[in-house]
**Student:** 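Okay, handing you the structure first.
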Amino acid sequence: MSELQNDRFLRALLREPVDCTPIWIMRQAGRYLPEYRATREKAGDFMSLCKNADLACEVTLQPLERFDLDAAILFSDILTIPDAMGLGLYFSAGEGPRFENPVRSKADVDKIGIPDPEGELQYVMNAVRTIRRDLNGRVPLIGFSGSPWTLATYMIEGSGTKDFAKSKGMMFEQPALLHKLLEKLADSVTSYLNAQIMAGAQTAMIFDTWGGVLTPRDYKEFSLRYMQRIIDGLIRKHDGRKVPVVLFTKGGGCWLEDIAAAGPDAAGLDWTTDIAEARKCVGDKIALQGNMDPSILYASPERIQEEVKMILDGYGKGSGHVFNLGHGIHQHVDPDNVKVLVDAVHEYSQAYHN
């Protein structure tokens with residue numbers, strides 16, 4: 001594997017000195033880029049794009065051609081594991097992901113197996129290998145998975161949801177059954193992320209998109225507990241380098257001490273948490289990633305630059321900050337504004353690292 005030419009992202013996650021604050025953007029390969037839309041059309045549909053290693057690599061690298069980003073993230077989806085478990089993933093126009101075979105009963109949970117990352121999920125590993133090869137050491141590659149709780153909500157509901165009626169119903173009425181499902185998912189995510197690391201991913205990120213809908217007690221029992229189990233089972237050194245782990249619970253800013261105690265190298269923050277308070281809370285235990293409101297990218301370049309300065313100032317001096325949005329970039333954002341953001345982070349952050 002080629003030597004890394006830009007490793008400031010990995011160094012910041014490990015709280016090692018950097019020349020400026022690194023930045024990447026959640027969903028940086030996506031619908032806001034016309035070149036992405038063209039490639040997706042060529043693929044036919046979203047999952048066909050994910051399953052074609054060359055096209056997945058093409059869209060992963062597209063944002064790096066436009067912007068001076070410090071990391072690439074594997075182009076894939078968090079629902080690859082449930083799909084590989086035989087739930088029949090499909091996408092309805094305007095409705096998002098759906099499953100033909102949701103998980104509602106003990107029999108449903110019993111028949112789920114742990115997918116083989118180099119079997120049913122080999123297309124993801126092929127994408128990782130292709131991207132890593134074509135990156136040629138330019139920037140590090142981030143591998144990722146959904147958290148067990150987040151995956152379980154989609155599997156139980158059969159689609160996205162606003163009220164989590166079925167998944168919370170199982171949690172309150174049949175907690176033992178939900179724990180059994182979460183155990184299988186934690187084991188699946190562990191082997192899936194480890195396979196990504198062996199294939200070339202240099203960071204592992206766990207997206208706990210729906211952890212924030214739980215009470216503090218239920219978050220610890222049904223979400224964080226299983227992410228900790230994954231973290232405990234991950235390869236943390238490969239290719240002669242540490243492999244940092246980032247845990248991102250959307251809406252989880254009030255649980256940062258618990259998140260830090262679960263053992264990741266960094267916690268992702270959404271925009272509802274003040275980064276200065278977050279740094280005070282975790283001290284030097286872990287790095288922080290975030291946390292600009294994605295909607296600021298609809299504002300003027302001057303307003304974007306102003307927000308960048310406020311967030312950098314909130315974090316303060318020293319390493320341990322990876323700049324990002326507080327969630328995924330919106331599809332109608334002007335790519336020129338993304339360039340303003342990336343360049344502003346690199347320019348204004350230098351003062352915090354000398």
Side-chain angles (χ1 to χ4, degrees), residues 9-10 12-15 22 24-27 71 73-74 76 78 81 140-153 182-183 185-194 196-197 201-214 216-238 242-273 275 277-279 281-291 315 319-328:
F9 167 70
L10 298 179
L13 288 177
L14 298 169
R15 292 173 290 110
W24 69 278
I25 294 166
M26 286 189 260
R27 295 202 197 116
I73 182 163
L74 162 69
S76 187
I78 63 168
I81 287 176
L141 175 61
I142 304 166
F144 72 92
S145 173
S147 72
W149 162 253
T150 291
L151 298 180
T153 64
L182 292 167
E183 279 173 15
L185 283 166
D187 292 347
S188 300
V189 171
T190 305
S191 69
Y192 180 58
L193 286 175
N194 279 337
Q196 288 184 40
I197 292 163
Q202 290 145 294
T203 302
M205 182 153 172
I206 302 169
F207 284 95
D208 185 32
T209 312
W210 299 124
V213 305
L214 297 168
R217 181 194 64 234
D218 294 327
Y219 173 71
K220 284 182 197 168
E221 184 179 347
F222 294 96
S223 184
L224 189 60
R225 166 181 173 180
Y226 291 98
M227 292 192 287
Q228 180 161 8
R229 177 169 165 158
I230 293 162
I231 290 166
D232 289 346
L234 286 182
I235 296 165
R236 301 295 281 271
K237 194 166 184 189
H238 185 59
K242 287 183 179 171
V243 180
V245 177
V246 185
L247 196 164
F248 174 55
T249 293
K250 187 165 182 278
C254 51
W255 304 319
L256 277 173
E257 285 180 61
D258 295 319
I259 289 169
D265 296 284
L269 303 174
D270 66 27
W271 65 91
T272 63
T273 299
I275 198 162
E277 294 300 318
R279 190 177 189 188
C281 173
V282 300
D284 59 359
K285 293 190 195 76
I286 56 170
L288 295 171
Q289 178 175 279
N291 64 334
Y315 184 82
S319 193
H321 180 206
V322 171
F323 205 102
N324 207 316
L325 302 179
H327 203 236

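Both backbone and side-chain heavy atoms feed into the values below; hydrogens, waters and symmetry mates do not.
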**Student:** Quick one: does any side-chain atom of Q202 pair with a main-chain N or O of P140 as donor and acceptor, under 3.5 Å?
**Tutor:** no
**Student:** For residues 247-261, which side-chain N or O atoms pair as donor and acceptor with protein atoms under 3.5 Å away, sequence neighbours left out?
**Tutor:**
unit_1: T249; atom_1: OG1; unit_2: D208; atom_2: OD2; d: 2.9
unit_1: T249; atom_1: OG1; unit_2: Y219; atom_2: OH; d: 2.8

**Student:** Between the side chain of Y315 and the main-chain N/O of G320, is any donor-acceptor distance below 3.5 Å?
**Tutor:** yes
**Student:** Kindly determine whether T203 and L10 satisfy side chain to side chain contact (heavy atoms under 4.5 Å, CB included), including the steps that lead there.
**Tutor:** CA-CA 8 Å; T203 302; L10 298 179; 3.2 Å; yes
**Student:** Heavy-atom distance under 4.5 Å between the side chains of L13 and V246, does that happen here?
**Tutor:** yes
**Student:** Taking N194 for its side chain and I235 for its backbone only, find out whether a donor-acceptor pair lies under 3.5 Å.
**Tutor:** yes
**Student:** Please say which of I206, V245, V189 ends up in a side chain to side chain contact (heavy atoms under 4.5 Å, CB included) with M227.
**Tutor:** I206
**Student:** Do T153 and T150 meet the criterion of a side-chain donor-acceptor pair at a distance under 3.5 Å?
**Tutor:** no
**Student:** Which residues satisfy the salt bridge (Lys or Arg N to Asp or Glu O under 4.0 Å) test with E183, sequence neighbours excluded?
**Tutor:** none
**Student:** Between T190 (side chain only) and A186 (backbone N and O only), is there a donor and an acceptor less than 3.5 Å apart?
**Tutor:** yes
**Student:** Which heavy atom of I197 sits nearest to which heavy atom of A204, and what is that distance?
**Tutor:** CD1-CB, 4.4 Å
**Student:** Are any side-chain N or O atoms of W149 and backbone N or O atoms of W210, one a donor and one an acceptor, separated by less than 3.5 Å?
**Tutor:** yes
**Student:** Does R225 reach the main-chain N or O of K220 with its side chain, forming a donor-acceptor pair under 3.5 Å?
**Tutor:** no
**Student:** Measuring from atom CD1 of I81 to atom OH of Y192, what distance do you get when rounded to the nearest 0.5 angstrom?
**Tutor:** 6.0 Å
**Student:** Assess whether a salt bridge exists between R236 and D265, defined as any Lys/Arg side-chain N lying under 4.0 Å from an Asp/Glu carboxylate O.
**Tutor:** yes
**Student:** For L182, run the side chain to side chain contact (heavy atoms under 4.5 Å, CB included) check against S147, S223, P148 and tell me which one passes.
**Tutor:** P148
**Student:** Looking at F144, is its backbone amide N or carbonyl O close enough to the side chain of Q196 to form a donor-acceptor pair, meaning the two atoms are under 3.5 Å apart?
**Tutor:** yes
**Student:** Minimum heavy-atom separation for S319 to A12, with atom names?
**Tutor:** OG-CA, 3.6 Å
**Student:** Do the rings of W24 and F9 sit parallel, tilted or perpendicular, given the 30° and 60° boundaries?
**Tutor:** perpendicular
**Student:** Can you find a pair of side-chain heavy atoms, one from H321 and one from R279, that are under 4.5 Å apart?
**Tutor:** no
**Student:** Between N291 and L325 (side chain of the first, backbone of the second, donor and acceptor by atom type, cut-off under 3.5 Å), is there such a pair?
**Tutor:** no
